[in-house]
There are 2 protein chains.
Amino acid sequence: MSLKHTLLGFLNMWPLSGYDLTKMFGATVRFYWSATHTQIYRTLKQMLQEGLVEQELVRQTDYPNKKLYHITDRGREELLAWLAEPADIPPVRHRLLVKMSLGEELDTETIIRLLEDYRKKLQQRLDLYDKRNKQITQEYARSERERFLWDAVLDNGISVYETELEWIDRTLRGLQRFIGRAREEK
Amino acid sequence: MSLKHTLLGFLNMWPLSGYDLTKMFGATVRFYWSATHTQIYRTLKQMLQEGLVEQELVRQTDYPNKKLYHITDRGREELLAWLAEPADIPPVRHRLLVKMSLGEELDTETIIRLLEDYRKKLQQRLDLYDKRNKQITQEYARSERERFLWDAVLDNGISVYETELEWIDRTLRGLQRFIGRAREEK
DNA sequence: CTGCCCATGTAAATGGTTACATGATTGA
DNA sequence: TCAATCATGTAACCATTTACATGGGCAG
């Protein structure tokens, strides 16, 4: 599992609470990994049992108390070992492509609607990436090399989504010639 | 879940066994959805209970008996309703990007190794896509439009992986200037 | 006689989503 | 007074992976 290692990676910079980590997954981290608070709390609990992190209870008066997690030496070891291992291509689970490949069951108009809807979502995603882009990577990076790496990560997302946008447009253009024709003769 | 609907999609063409479906997921279907035989058998069982498919036992002498699954009217209904629903952008779970974003913990040389390994895997994946490309889509498509849709699905995969290849090369070039430098001063 | 193809499955663990649940403080 | 933010979590379910398990036929 990578969620464990992603969490270790962040705890390796500063101690953080489950809530802090959840917020990070809502903001920047989701560019390469997604997780909900449920999952984060559960994973932190496991990691505590495995001795990868330690818990510090922080009492607060104006806000609810919180639990800060600190990475341990075991945790750092685990993190470094995992980081150096090669990574596989992520498994593909692309609902739109499933629908396209079964598209003989749909009108051309419906297929176009699916593509246009997906196009809108891609556009929204790209807007999100662009906005954060310059700010976060420039401000918080601890070195020139880290800034470069963070930019590269964003670059990956942007390039892939832009490629999909172009693919959508290409596919929409190609579909034009099927408009109006009935749902193919059997 | 889309596995259910993917299976319905194929059973909508011809009756198939769990084994047949597993083979398809090992060959073409994995271009947009991945699944193991464990999952396929279990999902078929559920679908049977939900009345989306029916089972036909086929006795064979030279080979083990098999169970052919036929789609029902309920199944066809479910499939069509699902197909017309808009699809979301798949959640991102990209291990290489996690590693890159935590890359401050690694030597530049190790990061380069990770990228080069990923590059090789991308190349292999692309070879796979290209080989099947012309054959399958041309031979089995039941209409010009279906052929177009299948090509579009492959086109999506190829474009995205080629984009990642270019991204890798760009990133490798950019990393050159960090080679040799120690793992940044704290 | 070794290993692959046919064909089915179960068990156990891990991973992920959705809904439920609480309760104080702060700002519009 | 309404909604959002802070901060924690549980319960139930759904999805996925890995390993275990069986056993005949066929080709090299």
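In what follows, chains are A, B, ... by sequence order, proteins preceding strands, each numbered from 1. Predicted, not measured: the structure shown is a model, and the values here were computed from it.
- For the pair A:Leu57 CG and D:dA7 C1', the interatomic distance rounds to 12 Å; values are reported in whole Å.
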Acceptor/donor pairs from residues 41-50 of chain A side chains to any protein atom, 3.5 angstrom cut, sequence neighbours excluded:
unit_1  : atom_1 : unit_2  : atom_2 : d
A:Thr43 : OG1    : A:Gln39 : O      : 2.7
A:Glu50 : OE1    : A:Lys4  : NZ     : 3.3

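- For C:dT8, neither phosphate oxygen OP1 nor OP2 lies less than 4.0 angstrom from any side-chain nitrogen or oxygen of B:Tyr19.
- Residue pairs satisfying the ring-ring contact (aromatic ring centres under 6.0 Å, His included) criterion with at least one member in residues 68-93 of chain B, sequence neighbours excluded, are listed as follows: B:His5-B:Trp82.
- Residues from residues 40-56 of chain A placing a heavy atom under 4.0 Å of any atom in DNA chain D, listed by number, are A:Tyr41, A:Lys45.
- Along DNA chain C, the nucleotide closest to B:Lys23 and the one closest to B:Arg93 are compared, and the more 5′ of them pairs with B:Lys23.
- For A:Lys66 and C:dT22, the NZ to P distance is 24 Å, given to the nearest whole Å.
- Put simply, B:Gln60 has no side-chain N or O that comes within less than 4.0 Å of OP1 or OP2 on C:dC6.
- Among residue pairs with one or both ends in residues 76-89 of chain B, those qualifying as salt bridge (charged side-chain N to carboxylate O under 4.0 Å, His left out) are A:Lys121-B:Asp88, B:Asp73-B:Arg76; sequence neighbours excluded.
- Sequence neighbours left out, the pairs with a member in residues 99-121 of chain B that pass ring-ring contact (aromatic ring centres under 6.0 Å, His included) are B:His94-B:Tyr118.
- A donor-acceptor contact under 3.5 angstrom links the side chains of B:Ser143 and A:Glu104, judged on distance only.
- The OH atom of B:Tyr69 sits 9 Å away from the C1' atom of C:dT8 (whole-angstrom rounding).
- For the pair B:Asp88 CG and C:dG16 C1', the computed distance is 16 Å after rounding to whole Å.
- For A:Gln39 and C:dG16, the shortest distance from a side-chain N or O to OP1 or OP2 is below 4.0 Å.
- The other residues sharing a hydrophobic cluster with B:Val58 are B:Leu68, where clustering joins ILVMFWY side chains under 4.5 Å apart.
- Through chains of ILVMFWY side-chain contacts below 4.5 Å, A:Val160 is grouped with B:Val160.
- Residue B:Asp20 contributes atom CG, which lies 16 Å from atom C1' of C:dG9 at whole-angstrom precision.
- Here A:Thr110 pairs with nothing under the side chain to side chain donor-acceptor pair (under 3.5 Å) rule; sequence neighbours left out.
- Scored by the salt bridge (charged side-chain N to carboxylate O under 4.0 Å, His left out) test, B:Arg119 finds B:Asp169 as partners (sequence neighbours excluded).
- For the strand DNA chain D, secondary-structure stems (runs of at least three Watson-Crick or G-U pairs, all distances below 3.5 Å) span C:1-28 with D:1-28.
- With hydrogens and angles left out, the side-chain atoms of B:Arg93 and A:Ser34 include a donor and acceptor closer than 3.5 Å.
- A:Ser17 comes within 4.0 angstrom of sugar-phosphate atoms only, judged by non-hydrogen atoms across all strands, and of no base.
- Atoms NZ (A:Lys4) and P (C:dA13) sit 15 Å apart, rounded to a whole Å.
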Restricting to nitrogen or oxygen on both sides, can you table the protein-nucleotides 21-28 of chain D pairs closer than 3.5 Å?
none

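- Listed by chain and residue number, B:Glu54, B:Arg74 satisfy the side chain to side chain contact (heavy atoms under 4.5 Å, CB included) test with B:Thr72 (two or more places apart in sequence, or in another chain).
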